[in-house]
Amino acid sequence: MPVVSYEMVDEIGVIRVDNPPVNALSHAVRAGLLNAIESAQLDDSQAILIICTGRTFFAGADISEFGQPAKEPYLPDLLNAIESSNKVVIAALHGTALGGGFETALASHYRCALDTAKVGLPEVHLGLLPGAGGTQRLPRLAGAQASLDIMTSGKPFGAAKAAELGIVDRIIDGDLESGALGYAKELIAESAPTRRVAELTVDPKTASREMFAAYRKNIGKRARGQIAPFKIVDCVQAAVELPFADGMKLERQSFADCMASPQSAAMRHMFFAEREAAKVKDVSKDTPLRPIQTVGIIGGGTMGGGIAMNFANVGIGVKLLEINDEALARGMSIVEKNYSITMKKGKLSSEQVAECLALISGTTSYDDLADVDLMIEAVFENLDIKKEVFSKLDAVCKSGAILATNTSYQDVNQIANATKRAQDVIGLHFFSPANVMKLLEIVRADKTADDVIATCMKMAKSIRKVPVLSGVCYGFIGNRMLNKYFREAQLCLLEGASPEQIDNAMQSWGMAMGPMAVGDLAGLDIGYKARQGIPADQLGDQKIWAVADALVELGRLGQKSGSGYYQYDAETRARNNDPAVVKVVEEKAAEFGVERRNINDEEIVNRLIFALVNEGAFILEEGIAQRSGDIDVVYVYGYGFPAARGGPMQYADQIGTKTVYDAVIQFGKDHNPDHWTVAPLLERLAKDEATFSEWSAA
Ligand code: 3HC
Ligand code: NAI
């Protein structure tokens, strides 16, 4: 079957595209569309309709073709041919008309859409800008300001808003094809003109030089080093100030520059890595799933409340169990407070919040959990308490219920063995704040059944999380690696860097927050308590946590106590450097015989990031992570790693595994050889000049 077909329906030439799964504008689709549009010029049709079958209108250019030599017809040329048609062209949208798909609609003369359709230009998430006329046509229809918001955020929006902005001309109720044919007939009857967006000018009320300058300044704050958002602003300004053809030239050059950048390569890697991560190599995609209609959560603290919100937000009822009425009331009030923040931000209406809250009920009795399909334990991080909870769950939960733990570090096998149904036990490691962070580590224990894994992968998507499978080890993928990253941050501190220098170096490199600020936000007492539980002979190098522990002992727990690595203003929460911290650091350096020196930012960044990569290499070879891309997904979605660098393993692939290996060897020579045991996989890849992603794909 050809991916593009053409037929006459009454007096309308219907171009129908069928390229599953998302009708990406592959070479075959572009060639078919050009052929059809050219044929339609020559026949008796009085209007041309472009419509797609399956789940969506074109979801964009075919991303899998990027990075390969482009083949004619190129998308911008095809869209010019559509716009130049002498017969009226109507695009009929459903599903997600994104990127090149939306640009195809913009090049058509009229647009109709189902009210459920969404449109958008998400190229910025791939390190790109719209490259088939989007930067030039959208401002001519919707104005400069709205277009900048749409393109720099990359967020899709609904047909109703598109209609308000003058992008969609007609919303169709019911069947799209018959509605679109009816609309086409109306246009024919009215002798509607071929209405070419390229011939319009941008509404001057929506654009001024000051507005562009302010936009650039604003983007500088949030783009975290990305180049595409700035190029989008340049192109939209060109749409205002230059003729269409000149604007198109700038767009084409800017698109090519972005496409050739390591940033876009990294972000395209992330696109596919995120989708790969949801696939479990040895679990068939046809594995029958267990139904999840009700969820139980044990522990309504920081995590339990946030986890409950994820399910209530998608209409799933939650039973929240706490140790007593007081703890339950406290847990429920945290949930209510979080919802009121969400409401204030305009993300949910008061009615929606009321509906969500009505779905969360509290209890202090295990008997109320007998019928739930999925249990998630989020009690204190203590193995004995967790085992006790699981043995109680084993006694009350119905057969087939999935029993999950949100532990950050504990051994999921031991937790599973506290039940007589280890096959039903799994780790579901949410990240804080659990109602916001997108990552979900799904921890497979030795006996976890395939259908439990498959069900949790599917469940994660249904609550809008990005799932990654991890094996069992201390800290799983993310926290195990983070430990090494924090180790280097602590050692840089002892050796001479200030908290501010470390945070600034990491943030300038692209991390969402620096490690010291993260410590203060999470609370320094958490790590302190965890270390108290580890026998002294297993603590390792005592100097690593000497400063952190000393700060806790001084009552500096981080933001919650008003001071940690920084001093926090009680009202504004603004952070300030604190000489008291420098004093602690100097004392600890002297105590452990560490000579303080000037450390440059490059050394800080390399030590912290390469510590992640080296541990990631161990994790990969041990089979804890399925692929290097999974580790990248963990870091971008769970730890604020810059997407434009593609995660730690992709970053290592880009700069060369040999570069990382050489640096790790050198760090071992220069400082603390015990900490820099090079991962055998990193060594082999460096010698072969190979990449983690090649190794993962082999
Ligand atoms: N090109 C190639 N493959 C694509 C694709 C695209 N544009 N969009 C999705 N796919 C593939 C996915 O890789 C996945 O493949 P898999 O099943 O083998 O893993 C499959 O289609 C289904 O995708 P999802 O799992 O993401 O399905 P969802 O239903 O969750 O989401 C979607 C559908 C909203 C369309 C989402 O896939 C998406 O956001 N796609 C990307 C859209 C995009 O970025 N478009 C712009 C492309 S760049 C461009 O157009 C440049 C132009 O300006 C010149
Ligand atoms: P928390 O201390 O805020 O909440 C724990 C809650 O569990 C308390 O409300 C307590 O009353 C309740 N609880 C304790 N024992 C109980 C029992 N036997 N039965 C019922 N309820 C009981 O702890 P937090 O931070 O929510 O952590 C919970 C789990 O989530 C831990 O395993 C932790 O490692 C993990 N986690 C924590 C993250 C964080 O950033 N806080 C991130 C990811 C995971």
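Indexing begins at 1, ligand by ligand and atom by atom, following the structure's order.
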- Atoms in ligand 1 with a heavy atom of Leu126 nearer than 4.0 Å: 44 (O), 47 (C), 48 (S)
- Salt-bridge test for Glu381 and Lys529: reply yes if a basic N is under 4.0 Å from a carboxylate O, no otherwise. no
- Item | atom 40 (N) of ligand 1 touched by protein heavy atom at under 4.0 Å | yes
- Message: Among all protein heavy atoms in this structure, tell me which lies nearest to atom 31 (O) of ligand 1, with the distance rounded to 0.1 Å.
- Response: Arg55 NH2, 4.3 Å
- Going from CE on Met270 to OG on Ser264, what distance comes out if it is rounded to the nearest 0.5 angstrom? 13.5 Å
- Counting only non-hydrogen atoms of the protein, does one fall under 4.0 Å from atom 15 (N) of ligand 2? yes
- Message: Does the residue Ala378 have a heavy-atom contact with ligand 2, meaning some pair of atoms that are separated by less than 4.0 Å?
- Response: yes
- Query: Do any nitrogen or oxygen atoms of Glu381 lie less than 3.5 angstrom from nitrogen or oxygen atoms of ligand 2?
  - Reply: yes
- Item | Minimum-distance protein heavy atom relative to atom 17 (O) of ligand 1 | Lys279 NZ, 4.2 Å
- Query: So which heavy atom in the protein is nearest atom 21 (O) of ligand 1, and how far is it from that ligand atom?
  - Reply: Pro21 CG, 3.3 Å
- Does ligand 2 have a heavy atom under 4.0 Å from the side chain of Phe430, from its backbone, from both, or from neither? backbone
- Just wondering, are more than 12 heavy atoms of other shown residues or ligands nearer than 6.0 Å to NZ in Lys118? no
- Query: Between Gln410 and ligand 2, which residue portion shows a heavy-atom distance shorter than 4.0 Å: side chain, backbone, both, or neither?
  - Reply: neither
- Nearest to atom 10 (N) of ligand 1, what protein heavy atom do you find, and at what distance? Val22 CG2, 3.8 Å
- Task: Among all protein heavy atoms, pick out the one at the shortest distance from atom 42 (C) of ligand 1; state its residue, atom name and that distance to 0.1 Å.
- Result: Ala59 O, 3.2 Å
- Query: Going by distance only, is there an N or O of Glu377 that falls short of 3.5 Å from an N or O of ligand 2?
  - Reply: no
- Are His269 and Phe271 an aromatic pair by the rule of ring centers under 6.0 Å? no
- Task: Would you check the N or O atoms of Gly131, main chain and side chain alike, for any that come under 3.5 Å of an N or O of ligand 1?
- Result: yes
- Query: Mind checking whether Glu103 has an N or O less than 3.5 Å away from an N or O of ligand 1?
  - Reply: yes
- Item | Shortest protein heavy-atom distance from atom 24 (P) of ligand 1, along with the residue and atom involved | Arg275 NE, 3.6 Å
- Task: Can you establish whether the number of heavy atoms outside Lys560 located under 6.0 Å from its atom NZ is more than 12?
- Result: yes
- Task: Could you tell me which atoms of ligand 1, counted from 1 in the order shown, lie closer than 4.0 angstrom to a heavy atom of Phe271?
- Result: 8 (N), 9 (C), 13 (O), 40 (N), 41 (C)
- Message: Checking a contact table here: which protein heavy atom is nearest atom 37 (C) of ligand 2, and how many Å away?
- Response: Met303 CG, 3.3 Å
- Relative to ligand 2, is Ile298 under 4.0 angstrom through side chain, backbone, both or neither, heavy atoms considered? side chain
- Query: Looking just at side-chain N and O atoms, do Thr405 and Glu377 make a donor-acceptor pair shorter than 3.5 Å?
  - Reply: yes
- Does a side chain donor of either Thr419 or Asp394 reach within less than 3.5 Å of an acceptor in the other side chain? no
- Task: May I ask you to list the atoms of ligand 2 that are less than 4.0 angstrom from any heavy atom of Leu321?
- Result: 20 (C)
- Item | Sub-4.0 Å atoms of ligand 1 with respect to non-hydrogen atoms of Gly99 | 46 (C), 50 (O)
- Query: Hey, does Gly100 come in under 3.5 Å of ligand 1, counting only N/O atoms on both sides?
  - Reply: yes
- Salt-bridge present (Glu276, Arg627; N to O < 4.0 Å): yes
- Query: Does His429, backbone or side chain, put an N or O under 3.5 Å from an N or O of ligand 2?
  - Reply: no
- Quick one: are the ring centres of Phe431 and Tyr639 less than 6.0 Å apart? yes
- Query: Which residue owns the protein heavy atom closest to atom 29 (C) of ligand 2, what's the atom, and how far is it?
  - Reply: Val379 O, 3.2 Å
- Task: Taking only Lys NZ, Arg NE, NH1 and NH2, and the carboxylate oxygens of Asp or Glu, determine whether Arg252 and Asp77 approach each other closer than 4.0 Å.
- Result: yes
- OG of Ser26 to CG of Asn19, rounded to nearest 0.5 Å, is 4.5 Å
- Task: Consider only side-chain N and O atoms of Gln410 and Tyr474, and report whether a donor and an acceptor are under 3.5 Å apart.
- Result: no
- Shortest heavy-atom approach to atom 25 (O) of ligand 2 - which of Asn324, Ile297, Thr302: Thr302
- Query: Relative to the heavy atoms of Lys386, which atoms of ligand 2 are at a distance of less than 4.0 Å?
  - Reply: 31 (C), 32 (O)
- Query: To the nearest 0.1 Å, how far is atom 1 (N) of ligand 1 from its closest protein heavy atom, and which atom is that?
  - Reply: Ile63 N, 2.9 Å
- Query: Should the pair Arg30-Glu65 be classified as a salt bridge under the 4.0 Å nitrogen-to-oxygen rule?
  - Reply: yes
- Task: Please determine if Ala61 has a nitrogen or oxygen closer than 3.5 Å to a nitrogen or oxygen of ligand 1.
- Result: yes
- To which of Asp62, Thr104, Thr96, Thr56 does the heavy atom nearest atom 32 (C) of ligand 1 belong? Thr96
- Of the protein's non-hydrogen atoms, which lies at the shortest distance from atom 53 (O) of ligand 1, and what is that distance? Glu123 OE2, 2.5 Å
- Message: Distance under 4.0 Å to a non-hydrogen atom of Pro122: what atoms of ligand 1 satisfy this?
- Response: 43 (C), 44 (O), 45 (N)
- Considering only heavy atoms of Pro130, which atoms of ligand 1 have at least one such atom less than 4.0 Å away? 53 (O)
- For the pair Glu251 and Lys231, evaluate salt bridge (Lys or Arg N to Asp or Glu O under 4.0 Å) and give the outcome as yes or no after the intermediate values. CA-CA 8 Å; Glu251 181 193 89; Lys231 291 199 181 281; over 6 Å; no
- Given that the side chain starts at C-beta and the backbone is N, CA, C, O, which of these parts of Glu388 lies under 4.0 Å from ligand 2, counting heavy atoms, or is it both or neither? neither
- Query: Could you walk me through whether Asp282 and Arg444 pass the salt bridge (Lys or Arg N to Asp or Glu O under 4.0 Å) check?
  - Reply: CA-CA 12 Å; Asp282 57 350; Arg444 173 191 219 164; 3.2 Å; yes
- Item | Salt bridge Glu388-Lys392, side-chain N to carboxylate O under 4.0 Å | yes
- Verify whether one side chain among Tyr339 and Asn313 offers a donor that lies under 3.5 Å from an acceptor in the other. yes
